[in-house]
**Q** 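Could you have a look at this structure, given as structure tokens, before my questions?
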There are 2 protein chains.
Amino acid sequence: MRVTIAHVALRAGVSKATVSRVLNGKGETDASTAARVRRVVKELGYVPSAGAVSLAKGRTGVVGVLAPALTRPWIAQVMQGVVDAMESSNHGLMLFTRNRGDDSFRRFAGHVDANAFDGLLVIEPEETLPAVDRMAAAGLPVVLISDRTAAARMPVVASGNRAGARQAAEHLLSLGRRHPLVLGGPEGYDCAVERVESFTEAFTEAGFPVPQQAHFPGDYSGESGRVAVTRAEADGIEFDSVFTHNDLSASGVLQLLAQLGRSVPDDVAVACFDDAGHAPLTAPPLTAVRRPLRDMGAEAARMLVSALAGDGALDKPVEIATELVVRDSSVRVG
Amino acid sequence: MRVTIAHVALRAGVSKATVSRVLNGKGETDASTAARVRRVVKELGYVPSAGAVSLAKGRTGVVGVLAPALTRPWIAQVMQGVVDAMESSNHGLMLFTRNRGDDSFRRFAGHVDANAFDGLLVIEPEETLPAVDRMAAAGLPVVLISDRTAAARMPVVASGNRAGARQAAEHLLSLGRRHPLVLGGPEGYDCAVERVESFTEAFTEAGFPVPQQAHFPGDYSGESGRVAVTRAEADGIEFDSVFTHNDLSASGVLQLLAQLGRSVPDDVAVACFDDAGHAPLTAPPLTAVRRPLRDMGAEAARMLVSALAGDGALDKPVEIATELVVRDSSVRVG
DNA sequence: GTGAAAGCGCTAACAC
DNA sequence: GTGTTAGCGCTTTCAC
């Protein structure tokens with residue numbers, strides 16, 4: 001049988017209300033009564049029932065997180081930051097993914113309707129943005145973690161696409177590279193567009209505009225990296241460097257360059273975004289514009305928690321700076 | 001204002017009890033009444049409050065998951081399997097990690113005491129096994145996902161360490177490899193011990209025992225892979241293959257072999273466990289004993305859910321077979 | 001087949 | 001400062 005507040009009250013010789021006051025620090029309580037209650041609480045090992053508390057308070061103490069999927073390394077990084085921050089604030093964390101598309105989202109929406117949590121964190125909403133927006137409009141506190149500007153009417157945490165891409169470009173330029181291959185992102189991904197724009201802008205400013213045929217489509221996969229290099233070679237395009245949007249596609253690039261016998265970094269320098277996992281583990285290790293993923297997750301979590309606590313006014317977008325991590329794929333540092 | 005069961009009852013001209021019956025399919029209800037109730041439910045967009053339901057039923061409809069951390073790729077894979085399965089059963093999923101050690105676990109234990117969820121999934125409990133065991137003994141349904149046999153008195157889902165290691169060994173033997181370097185795992189990790197035993201056993205049976213000096217300590221990190229190869233070279237140990245416990249350490253091995261100018265797979269064949277993420281993305285891609293991580297997570301989740309539903313008797317350990325995925329790091333297949 | 005009433009375990013007014 | 005009394009929104013006997 002579960003220990004309830006009634007047991008504690010009985011044993012401490014006070015009412016349930018007093019126990020509640022002591023535990024929640026609400027209202028004045030006599031010091032000795034409080035001490036006695038606390039002793040009994042400890043003796044009995046009493047812990048308030050989360051369900052009962054949330055029903056009575058109208059708040060669950062739980063935060064929901066909606067992520068596209070967990071298997072992409074960058075998302076796992078963000079999630080860990082979120083989890084750590086939530087833990088610190090003693091909130092529970094209900095996890096949802098959109099791994100199975102619409103059905104996933106419907107199930108998730110059901111939990112929203114059931115008031116299963118007090119606030120929501122969304123990692124890259126993508127096509128669910130309108131629906132999420134509606135939830136926010138309906139009164140659910142929401143914080144977005146997204147590098148896509150379309151973000152809209154909700155508070156959002158991002159890293160700097162433009163600044164980061166420029167870091168990569170300037171690094172390559174400083175190494176004397178003049179002919180980069182540039183991988184794009186999937187159709188409609190603002191983040192990739194911004195990066196490509198900023199990257200090429202820097203090259204143009206330096207007097208080395210990137211020709212159209214040096215641009216290749218990408219989808220963040222290793223395969224898209226392989227395909228881009230294969231096509232560039234087949235098309236006879238000369239290049240001395242490659243810029244991609246994540247560790248994965250850059251890995252694909254390295255694989256193919258190795259296969260073609262082109263030396264990295266002597267012949268071709270490779271740089272990418274993210275640094276979300278295996279960038280240090282490729283051969284050679286990848287130079288990367290590190291997105292502060294853990295920090296982004298943690299910051300978003302803190303914003304949401306403080307919004308729940310009523311410390312409103314968090315609507316200014318937060319941008320956490322990227323950092324260029326130079327490794328052997330662009331210049332020998334080992 | 002939230003729509004409650006009372007609103008539905010009023011509007012449908014029935015009592016709250018009847019609405020509840022219709023929604024939960026308990027007890028007989030007149031077909032036309034049921035239809036009317038359902039119509040009103042839809043009209044009003046009524047969704048029962050998760051908190052109220054769980055307080056009344058004594059069950060939360062939520063399952064807890066305790067993972068070491070999310071950033072290790074294999075764990076993210078398991079988690080995705082768990083999430084997908086939980087979604088199918090319409091359970092909520094509260095996520096906890098032990099990322100920050102004892103403090104993390106204490107916070108987690110608080111949620112257990114607060115009855116925040118009905119059942120628990122634990123991924124590699126490691127040093128928390130005794131504490132988890134106590135929770136199980138106290139009546140919390142628990143399912144473990146672990147390749148470490150110490151598992152104990154709880155239902156557990158595992159993949160085959162011994163069978164998997166043998167697959168790798170026999171593959172290398174079939175390629176004519178006779179002198180493997182073998183990386184171990186951290187002190188006290190049964191899974192690594194079992195794999196190493198089974199791997200060397202296979203070589204011994206084939207008439208090629210692995211000498212003591214070909215064994216190196218490991219900790220699943222890329223660095224440990226680099227160190228092992230470096231030391232083997234320095235010690236003048238001859239080897240024609242390397243076996244490691246995951247993609248990461250194998251990546252380290254590949255990095256250093258590349259640096260030493262040793263060709264993979266011609267000179268050295270590399271094989272590893274896990275296949276949890278970037279094995280296909282290394283240069284060359286890694287041959288790996290694939291652990292069925294997603295499936296393990298999903299199966300454990302299903303076991304827990306059916307235990308919660310009262311379909312007891314799931315105490316036999318479940319082992320899901322590994323599968324050897326041959327890629328270019330052992331023999332050219334590309 | 002359906003309604004009334006009594007909880008589930010807690011918090012929050014409102015008295016005293 | 002502390003107790004009493006209502007709820008929070010459901011489910012579940014127990015009558016009818």
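Letters A, B, ... mirror the listed sequences (proteins, then strands); counts begin at 1. On a predicted model such as this, the values are computed, not experimentally measured, just so you know.
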**Q** Can you tell me how far P of C:dG7 sits from CD1 of B:Ile5, to the nearest Å?
**A**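 That distance rounds to 19 Å.
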**Q** Can you measure A:Asn24 atom CG to C:dG9 atom C1' for me and round it to whole angstrom units?
**A**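 About 13 Å, once rounded to whole Å.
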**Q** Heavy atoms from C-beta onward define the side chain here; which of C:dG3, C:dG1, C:dG9 lies closest to that of B:Asp30?
**A**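 Looking only at heavy atoms from C-beta outward on B:Asp30, the closest nucleotide is C:dG1.
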**Q** Hey, does A:Thr18 reach any base, or is it just sugar-phosphate, or nothing, if we go heavy atoms under 4.0 Å?
**A**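 Sugar-phosphate contact only - A:Thr18 comes under 4.0 Å of backbone atoms but never of a base.
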**Q** Without decimals, in angstroms, what is the distance between A:Arg21 CZ and D:dG1 P?
**A**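 About 11 Å, once rounded to whole Å.
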**Q** In whole Å, I'd like the distance from the CZ atom of A:Arg2 to the P atom of C:dG9.
**A**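 After rounding, the reported distance stands at 8 Å.
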**Q** Counting only side-chain heavy atoms from C-beta out, which of D:dC10, D:dG3, D:dG1 sits nearest to B:Pro48?
**A**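 Among the listed nucleotides, the one closest to the side chain of B:Pro48 is D:dC10.
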**Q** Is B:Arg107 paired with B:Asp103 through a side-chain N to carboxylate O contact shorter than 4.0 Å?
**A**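 Salt bridge: yes.
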**Q** Quick check on C:dG9: is either OP1 or OP2 less than 4.0 Å from any side-chain nitrogen or oxygen of A:Ser49?
**A**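 Answer no for this pair, as no side-chain N or O of A:Ser49 is under 4.0 Å from OP1 or OP2.
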**Q** Starting at atom NZ of A:Lys57, determine the distance to atom P of C:dA13, rounded to an integer number of angstrom.
**A**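 These atoms are roughly 13 Å apart.
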**Q** To the nearest Å, give me how far apart NZ (A:Lys16) and P (C:dC8) are.
**A**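 Between P of C:dC8 and NZ of A:Lys16: 9 Å.
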**Q** Nearest heavy atom decides the nucleotide; on that basis, is A:Leu55 or B:Glu28 closer to the 5' end of DNA chain C?
**A**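 Between the two, 5'-proximity favours B:Glu28.
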**Q** Under 4.0 Å between a side-chain N/O of B:Ser15 and OP1 or OP2 of C:dG3, yes or no?
**A**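 Yes, such a contact exists.
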**Q** Say whether, by atom type as modelled, one donor and one acceptor occur between the side chain of A:Arg98 and the main chain of A:Phe105 under 3.5 angstrom.
**A**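 Answer holds: no.
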**Q** May I ask you to say what B:Lys26 touches in the nucleic acid, namely base, sugar-phosphate or nothing, with a heavy-atom cut-off under 4.0 Å?
**A**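 Touches sugar-phosphate only.
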**Q** Does the A:Asp118 side chain pair with the main chain of A:Thr60, one donor and one acceptor, at a distance under 3.5 Å?
**A**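 Yes: the side chain of A:Asp118 pairs with the backbone of A:Thr60.
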**Q** Under 4.0 Å between a side-chain N/O of B:Thr33 and OP1 or OP2 of C:dT2, yes or no?
**A**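 Checking B:Thr33 against C:dT2: at least one side-chain N or O falls below 4.0 Å of OP1 or OP2.
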**Q** Distance-only, no hydrogens or angles: does the B:Asp147 side chain make a donor-acceptor pair with backbone N or O of B:Ser159 under 3.5 Å?
**A**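 Side chain of B:Asp147 to backbone of B:Ser159: a pair is present.
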**Q** Provide, to the nearest angstrom, the distance between the CG atom belonging to B:Leu10 and the C1' atom belonging to D:dG9.
**A**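 B:Leu10 atom CG is separated from D:dG9 atom C1' by 15 Å.
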**Q** Just the rounded figure in Å: distance from C1' of C:dC10 to CZ of A:Arg59.
**A**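 Interatomic distance, CZ of A:Arg59 to C1' of C:dC10: 13 Å.
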**Q** On the 0 to 90° scale, with breaks at 30° and 60°, tag the A:Phe96-A:Phe108 ring pair as parallel, tilted or perpendicular.
**A**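 Geometry flag for A:Phe108 against A:Phe96: perpendicular rings.
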**Q** What's the closest nucleotide to the side chain of B:Ser20 if the choices are D:dT12, C:dC10, C:dT2?
**A**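 For B:Ser20, the side-chain atoms sit closest to D:dT12.
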